[in-house]
Amino acid sequence: ETGVTQTPRHLVMGMTNKKSLKCEQHLGHNAMYWYKQSAKKPLELMFVYNFKEQTENNSVPSRFSPECPNSSHLFLHLHTLQPEDSALYLCASSPGTGGWTGELFFGEGSRLTVL
Amino acid sequence: GENVEQHPSTLSVQEGDSAVIKCTYSDSASNYFPWYKQELGKGPQLIIDIRSNVGEKKDQRIAVTLNKTAKHFSLHITETQPEDSAVYFCAASNNFGNEKLTFGTGTRLTIIP
């Protein structure tokens, strides 16, 4: 148990659906991240939030829309996705700017399949 | 930006033997190099890291070495055990305090009993 919980663990959606991924951390951290993990590719950083403010958007298509209502919760809203968006989406947290130790704490991921 | 290459992509070793995974990075300003282990169905978890002011770090059966001149670093696992089977990722960061890591493509390590 890493202290970072992601739901749902598995999601299948059509290209016209709208769904959301949820991440919650119980570590008292102030930074949260979304990563995309595809087979045989490096983990791709998508978004970073520090103290609820978005500090990084790594040229992610607008069909992915993040939301960070507070330092403990992070959402990834999905709409009009493409089959190539099928992947494992990982949420992570860290202490935040000023407290960065180098370690990211990952959740177990949400496996997304787009039909 | 930073680019991290990792080799090999798959590695099988006999239980009890050693395993070595190598990474190279492109940004000479990188100064923090962690290694993450991802077991089946789990998220990656930090197992060891090294900063640019040291050349080697050990933690029981695992060790990491860093060659800043050549811009490469390696993970060494000795006396491998079945529970070492997992995917291992190296990563690099160009500024301690900058919460961005660039990851390698991963190495699937299989320990043969």
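Here is how names work: the chains are called A, B, and so on, in the same order as the sequence lines, proteins then strands, and each is numbered from 1.
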> Is it the backbone or the side chain of A:Leu90 that comes under 4.5 Å from a heavy atom of chain B, or both, or neither?
Replying inline: side chain

> Does any non-hydrogen side-chain atom of B:Phe89 lie less than 4.5 Å from one of A:Gln37?
Replying inline: yes

>> Let me check something: do A:Val60 and A:Tyr89 share a hydrophobic cluster, defined by ILVMFWY side-chain heavy atoms less than 4.5 Å apart, either directly or through other members?
In response: yes

>> Once rounded to the nearest 0.5 Å, what's the spacing between atom CG of B:Leu101 and atom OH of A:Tyr35?
In response: 5.0 Å

> Between A:Val114 and A:Leu11, is there a shared hydrophobic cluster once you connect ILVMFWY residues whose side-chain heavy atoms come closer than 4.5 Å?
Replying inline: yes

>> So for atom CD, which belongs to B:Gln60, do other residues, nucleotides or ligands contribute more than 12 heavy atoms lying within a distance under 6.0 Å?
In response: no

> B:Gln38 versus chain A, heavy atoms under 4.5 Å apart: side chain, backbone, both or neither?
Replying inline: side chain

> So which of B:Val87, B:Leu46, B:Val4 has the largest heavy-atom pair count under 4.5 angstrom toward chain A?
Replying inline: B:Leu46

> If you group Ile, Leu, Val, Met, Phe, Trp and Tyr by side-chain heavy-atom gaps below 4.5 Å, do B:Leu11 and B:Ile77 land in one group?
Replying inline: yes

> A:Glu56 versus chain B, heavy atoms under 4.5 Å apart: side chain, backbone, both or neither?
Replying inline: side chain

> Is the count of non-hydrogen atoms from other residues, nucleotides or ligands lying under 6.0 Å from B:Gln45 atom CD greater than 12?
Replying inline: no

> Can you tell me how far the OH atom of B:Tyr36 sits from the CG atom of A:Leu104, to the nearest 0.5 Å?
Replying inline: 4.0 Å

> With a cut-off of 6.0 Å (strictly less than), are more than 12 heavy atoms of other residues, nucleotides or ligands near CD of B:Gln81?
Replying inline: yes

>> Please check if the number of heavy atoms outside A:Leu115 that lie under 6.0 Å from its CG is greater than 12.
In response: yes

> Do you know which two heavy atoms are closest between A:Pro42 and B:Phe103, and how far apart they sit?
Replying inline: CB-O, 3.2 Å

>> Is A:Arg9 close to chain B through its backbone or its side chain, or both, or neither, when contacts mean heavy atoms under 4.5 Å?
In response: side chain

